[in-house]
Structure formats: structure tokens, C-alpha cells
Amino acid sequence: MTGPDGPHREPGGDGGDGRDLAREEEEERAVEQALALVGGTTLRPSRGRGTPGASGTPSAPGASAGDVSSGPSGSPGSDRPGSSTPTGNGPDGSAPTGNGPDRSAPPGSARAGSARAGGSPDGNSPRAGGRSTGARAAAQASGSDQRPRPDRSSSEAPTPTAEPATPKAPPLSWDRARAVATRAGRTGPPATIRLPLDRALGHVLAEPLGALTDLPSFDTSAMDGWAVAGPGPWAYEAGAGLLAGRGPDTPLPDGTAVRIATGARVPPDTTAVIRSEHAHPDEAKGLLHARRSVVTGQDIRPRGQECRSGEQLVPAGTVVTPAVLGLAAAAGYDAVPAVPRPRVDILVLGDELLAAGLPHDGLIRDALGPMLGPWLRALGAEVAGPVRLGDDAGALRDALASSTADLIVTTGGTASGPVDHVHPVLDALGAELLVDGVAVRPGHPMLLARMSAPGQMKGQAEGPYLVGLPGNPLAAVSGLLTLAEPLLAGIAGRPAQDAYRALVHAEVHGHPHDTRLVPVVHRAGRAGGRDHVAPLRYNGPAMLRGIAAADGLAVVPPGGVRSGTEVEILDLPWAPATPWTEGCFT
């Protein structure tokens with residue numbers, strides 16, 4: 001007879017059932033040892049815990065943290081500040097790449113020999129739930145079957161055979177990840193609303209703004225002075241003359257002059273306007289003399305000089321600034337066609353975070369909650385106040401399923417530690433992962449997903465986007481600029497920003513394989529030299545001191561750059577208000 005674990009032996013046939021069980025337990029230990037050597041995780045069910053699905057994700061909403069843990073071998077890693085995963089120890093001040101031993105793990109554990117259990121040479125770990133790339137190789141190395149075996153101490157039926165884990169795809173390059181985010185934001189035409197001018201500031205124009213009238217709509221005087229017709233001297237009559245918004249529309253007789261104010265309508269047949277300081281009125285004779293030669297049309301703004309009716313003033317995608325509001329009003333608009341601001345929900349994850357007071361007893365201040373809202377508003381979004389959920393998979397699932405925002409931003413929980421719930425919850429909700437890890441430092445565990453609409457299966461209807469930011473502050477900034485900024489620009493209808501490059505005045509160390517984002521500040525060239533950027537210190541993944549003084553991030557390719565090299569620059573949506581000195585940060 002053949003059972004789920006191979007040929008079945010009757011008791012007493014070949015050493016008895018007790019020896020068979022002992023042999024199977026010995027084989028399981030051999031498998032686990034082999035898995036530890038290649039960095040894999042066991043696929044067998046945990047003793048006494050029931051049987052999760054093959055992917056390790058919880059089978060019901062609100063599953064406990066243990067249901068989405070990485071298994072008995074321990075945590076594969078975490079993206080949280082202050083976690084056991086080392087940060088800032090690499091040559092560039094970022095997290096280790098996974099090429100050396102993990103000194104935080106005891107010898108012989110599944111973490112030994114790798115920065116994260118199941119880690120790959122580039123430091124990108126698989127998700128929790130046994131998504132190992134080495135399980136099949138481990139089974140071959142040990143000469144045994146890797147199928148899950150039932151807990152003989154339990155009365156439950158044998159567990160169905162688990163499929164081998166699918167290797168996780170390598171992270172996208174930084175350029176490709178930004179391109180994916182840009183395309184995702186432009187999947188459909190932006191919505192259009194009409195906003196009164198007093199509410200349109202900061203929105204993006206959904207349509208080109210065309211002039212509703214000629215500007216100016218009539219010939220006007222550009223200066224205070226005299227409107228004259230024909231050659232001089234010109235006869236004039238004493239009086240107030242022509243004022244803006246008033247005055248008859250009657251022709252000016254040849255050889256005459258009339259006082260005129262700036263903005264007043266110029267009478268028909270007017271030759272020119274003579275500025276007051278260039279004219280000499282002879283009150284005794286009632287004649288006006290010019291102190292300089294008079295050129296036909298001087299100091300007259302002719303009708304349509306700025307634009308003709310129907311002419312495009314500004315294109316679609318233009319951010320409505322105060323100047324745009326003024327132009328729209330001058331062209332005859334009471335309201336403008338605009339794109340609604342993208343609505344963003346912020347979910348702050350982590351039991352270790354404090355909302356106020358000094359850090360204490362292993363707890364740290366939440367730096368991302370106060371930072372993300374203003375940052376996202378500066379990118380043109382309408383942002384609700386941050387919601388703190390802690391490390392609660394059920395609360396995270398409920399928050400994601402009930403959100404009506406265009407974009408949900410989460411902080412932390414994107415790696416594969418024991419309480420990193422973002423991946424398992426997204427799986428449970430049927431979300432589509434568009435970006436799952438980016439080859440960039442800091443911030444490589446960032447992700448971009450598209451949620452399914454409530455009540456729909458994946459691929460049928462589209463819900464909000466989700467950008468998962470790492471928990472380290474500067475890593476989260478990296479995720480904002482890599483994924484959230486181009487995504488929001490697309491949703492809001494903003495045109496793509498033109499990339500530009502600048503000289504960097506210092507050698508900047510790079511990561512061996514990944515792009516590196518380094519805070520920089522622009523400096524004016526000295527003695528005729530070119531303007532350049534200077535890299536700032538305090539650029540570790542958990543640090544904000546450098547980015548607080550920066551006005552951009554330099555995109556440093558793998559391997560780094562030498563001083564005098566041009567690098568791509570990502571502008572921040574503001575400039576530092578304080579004139580930092582170079583000695584503090586460089």
C-alpha cells in the first residue's frame with residue numbers, strides 16, 4: 001500500500017512503526033540541515049499549529065502574526081529601524097547586501113551564512129511563508145523527499161503534498177521601477193472637474209486653457225501721458241482726459257491731443273501716446289509739444305497683443321499657480337477645468353513606534369507619520385491624517401479593503417520578518433504586485449501593487465494603488481521618489497518631469513550592484529566655475545539629517561562616481577529654508 005509519504009509498512013514488518021517514525025524524523029532533520037546550508041526554509045507544517053497553505057499566507061481574515069511568520073527557522077529579515085537586520089554597515093552606509101555571514105544569528109541556524117534566511121547574493125529575501133529558492137536543491141542534497149509530512153502526534157488527516165516554492169523574481173532596476181510607476185499612473189484619462197478660481201490653486205489643468213477673448217480686448221495706453229493724432233504740435237483742451245474704464249469711443253481728430261491714463265482705451269485714429277515726462281504743454285497757447293521724436297504706435301498696447309481669442313494660453317497638465325489664476329481671469333474665466341487631486345491614505349505600521357515623547361525601552365519615535373502627509377501634499381495629493389495600525393495583519397487587511405483613496409501608502413512591513421504583514425495581506429486580498437523590490441539603496445524592499453475592487457477577483461476590476469515604503473526613514477524617502485512621485489504625477493495628469501544632470505564635487509561610493517540615492521545640495525560655481533551638487537553626510541537608511549538639508553537626490557549608478565562626474569538629479573519639492581553650512585553636512 002502506498003500512502004502520502006511513500007510505501008506503507010505494516011507494524012512488525014521491518015522494525016515496526018516506531019523505527020519508521022524515527023527514520024522519518026531523522027530524514028526531516030537531514031532536510032532541515034541541508035536547507036540551512038543553502039539558505040532555504042522548511043515546507044513541513046509546524047507541529048501543533050495546524051497546516052497553512054502552500055504559500056504560507058493565512059487562510060482567514062485577521063490571522064495572527066504566527067500564521068504569517070516565516071516558519072520555525074526564524075525571521076528572514078525585517079525592514080524596521082532598530083531591528084536585528086544590520087543597517088549602515090555596508091561600504092556606502094546602507095544595509096548589507098547579503099554576501100557575508102549574518103553575525104546576529106547563532107551558528108547552525110537557518111540564518112547562518114546569509115544576511116537573511118533564504119537570502120540571495122544581492123540581499124533580497126523571499127517573502128514569509130517558505131517562498132524559498134533553495135528548497136528543491138536542499139532535498140536533492142539530502143537525498144530525501146521534501147514533501148510535508150503529517151504530525152504523527154496529531155489525530156488530523158495527513159497533509160496534502162505541497163508544491164515546490166516558486167523562486168522570487170529578482171528586483172527591478174531603479175529606472176525600470178520608475179517607468180512602471182509612471183505607466184501605472186497613466187492607465188486611463190484623468191477625471192475632469194470645473195473649479196472656481198478661488199479653489200483651483202495647486203490643481204492640474206485637465207484641458208488646455210484657451211483665451212476667451214483678445215488680450216487686451218481693445219487698444220489701451222501703456223503709460224500716463226497724452227494721446228495724439230497726426231503731427232504736432234497738438235491742440236488740447238484742459239480737463240481730466242481719458243481714464244481707465246471710462247471715456248467715449250469717439251475718434252481723435254488729426255492735430256489734437258488728449259490726456260490719457262494707463263489702461264485707458266485709446267481713441268480711434270490715435271497715432272501714439274506721449275509720456276507725460278516727454279511732453280511740454282503750453283497752457284498759454286493751448287498747444288502740446290513733444291520733447292522727443294514721436295514714433296507711430298509708441299506706448300500703445302494694441303488689441304490682441306498678448307493673445308487672440310481661442311489661442312492656447314497654457315497646456316493641459318500645467319499646475320495652477322497664482323500667475324495662472326491671474327491669466328485665466330484676464331482671459332475671461334470664472335472657473336477652470338482641473339484634475340481632482342489624488343486622494344491618499346497613509347497607514348503607519350509597527351508596534352515599536354511612539355507618537356509623542358522621547359524614545360525609551362526599545363520604542364522609537366514615528367518619523368514617517370509627520371513627514372509623509374506634507375510631502376505627499378507637496379506632490380499635489382489630498383492626504384488624510386496618518387492612521388497607526390501597529391503590527392496587526394487583520395487591521396491592515398480591514399484598512400486596505402475599506403479604503404476609497406486613489407493611493408494607499410504604508411510604512412514598514414514590506415520585508416519578510418515575522419511581523420511584516422504587507423505581502424501576505426496583499427496576497428489574501430488578490431492584489432497584483434507591479435513592483436516587488438527595487439535594486440536601489442536605500443529602500444530596496446519597496447513595492448507597488450494594484451488592489452482589486454471590493455467583491456471582485458484579481459484582474460476583473462481595479463481598486464486603489466498601494467505603495468509599500470520601507471520602515472527606515474531615508475529608505476522611505478527613496479520609495480516616495482522612486483514609486484509614489486511618478487505614480488501621483490500620472491494620476492494627477494502632470495507631465496513627466498524632464499531628467500537633468502549636474503556635476504558632483506566629491507567622490508561618491510556606490511553599491512556594487514544597485515543604484516544608490518544620495519542627498520545633495522546645489523552649490524554655485526566659484527570664479528566662473530560650473531554650478532554643481534555636493535553630497536551630504538548622514539545618508540544611512542535610518543537617517544533624516546542629510547535629507548533635511550538637501551534640495552535633491554543624486555542617482556548614483558552601481559560602483560559609484562568620481563568627482564567631476566555628471567549624475568542625474570531628483571529635485572525635492574522644496575529647498576531648505578536654512579542656509580546650512582557645508583561643514584555641518586558634507
| query | Heavy-atom distance under 4.5 Å between the side chains of Pro486 and Arg178, does that happen here? | reply | yes
| field | Over all atoms of both residues, closest heavy-atom pair of Pro473 and Ala367 | value | CG-CB, 4.4 Å
| request: Would you name the heavy atoms of Tyr465 and Arg450 that are closest together and state the gap between them? | output: OH-NH1, 2.8 Å
| query | Hey, what do you get for CZ (Arg545) to CZ (Arg537), rounding to the nearest 0.5 Å? | reply | 7.0 Å
| Euclidean distance, Glu507 CD relative to Ser563 OG, rounded to 0.5 Å | 8.5 Å
| field | Approximate separation, where rounding is to 0.5 Å, of Leu572 CG and Ile569 CD1 | value | 10.0 Å
| message | Go through it in stages, so that I can follow the logic: the residues are Arg388 and Leu353, the test is side-chain contact (heavy atoms from CB on, under 4.5 Å), and I'd like the CA-CA distance, side-chain angles, deciding distance and then a yes or no. | response | CA-CA 9 Å; Arg388 293 178 171 85; Leu353 301 177; 5.8 Å; no
| query | Do the side chain of Arg343 and the main chain of Thr404 share a donor and acceptor less than 3.5 angstrom apart? | reply | yes
| said: Quick one, Val344 with Leu372, criterion side-chain contact (heavy atoms from CB on, under 4.5 Å). Give me CA distance, side-chain angles, the key distance, then yes/no. | reply: CA-CA 10 Å; Val344 180; Leu372 291 181; over 6 Å; no
| Taking side chain as C-beta onward, heavy atoms only, is Val320 less than 4.5 Å from Val204? | no
| query | Given Val567 and Val555, is the side-chain contact (heavy atoms from CB on, under 4.5 Å) satisfied, shown in steps? | reply | CA-CA 6 Å; Val567 294; Val555 182; 5.9 Å; no
| request: Mind listing the closest non-hydrogen atom pair of His203 and Val339 along with its distance? | output: CD2-O, 3.4 Å
| query | Do Met371 and Leu544 have side chains that get closer than 4.5 Å, going by heavy atoms? | reply | yes
| Is the backbone N or O of Asp514 less than 3.5 Å from a side-chain atom of Arg441, with the two atoms forming a donor-acceptor pair by type? | no
| request: Report yes or no: does Ser403 contribute a side-chain atom to a donor-acceptor pair with the main-chain N or O of Ala399 at less than 3.5 Å? | output: no
| Looking only at atom types and distance, does a side-chain atom of Arg501 sit under 3.5 Å from a main-chain N or O of Glu566, one as donor and one as acceptor? | yes
| Any Val520 side-chain heavy atom under 4.5 Å of Leu536 side chain | no
| Counting only N and O atoms by type, is there a donor-acceptor contact under 3.5 Å from the side chain of Asp366 to the main-chain atoms of Leu368? | yes
| Sidechain-backbone polar pair: Arg365 side chain, Gly357 backbone, donor-acceptor under 3.5 Å | yes
| Side-chain donor or acceptor of Ser478 paired with backbone N/O of Pro442 under 3.5 Å | yes
| message | Taking Leu469's backbone N and O only, do any of them form a donor-acceptor pair with Thr411's side chain (distance below 3.5 Å, no angle check)? | response | no
| field | Nearest atoms (heavy-atom pairs only) where Pro445 meets Pro470 | value | CD-CG, 4.0 Å
| field | Spatial distance of atom OG1 (Thr482) from atom CG (Leu172) [nearest 0.5 Å] | value | 11.5 Å
| query | How long is the span from the CG atom in Leu480 to the CG atom in Leu376, to the nearest 0.5 Å? | reply | 5.5 Å
| request: Could you check if a side-chain atom of Asp406 sits within less than 4.5 angstrom of a side-chain atom of Pro464, using non-hydrogen atoms only? | output: no
| field | Taking every non-hydrogen atom, the tightest pair across Leu448 and Ala184 | value | CD2-CB, 4.5 Å
| field | Euclidean distance, Leu483 CG relative to Leu447 CG, rounded to 0.5 Å | value | 8.0 Å
| request: Could you walk me through whether Ile346 and Val383 pass the side-chain contact (heavy atoms from CB on, under 4.5 Å) test, one step at a time? | output: CA-CA 8 Å; Ile346 300 174; Val383 186; 3.6 Å; yes
| Does any non-hydrogen side-chain atom of Leu407 lie less than 4.5 Å from one of Leu487? | yes
| Between His421 and Asp392, is any side-chain donor less than 3.5 angstrom from a side-chain acceptor? | no
| task | Keeping the roles fixed (side chain from Asp427, backbone from Pro424), state whether a donor-acceptor pair exists under 3.5 Å. | result | no
| remark: When every non-hydrogen atom of Gly390 is compared with those of Asp351, the smallest separation belongs to CA-OD1, 3.3 Å
| field | Leu429 and Arg397, any side-chain heavy atoms less than 4.5 Å apart | value | yes
| task | Taking the side chain as every heavy atom from C-beta outward, state whether Leu466 and Leu400 have any atom pair closer than 4.5 Å. | result | yes
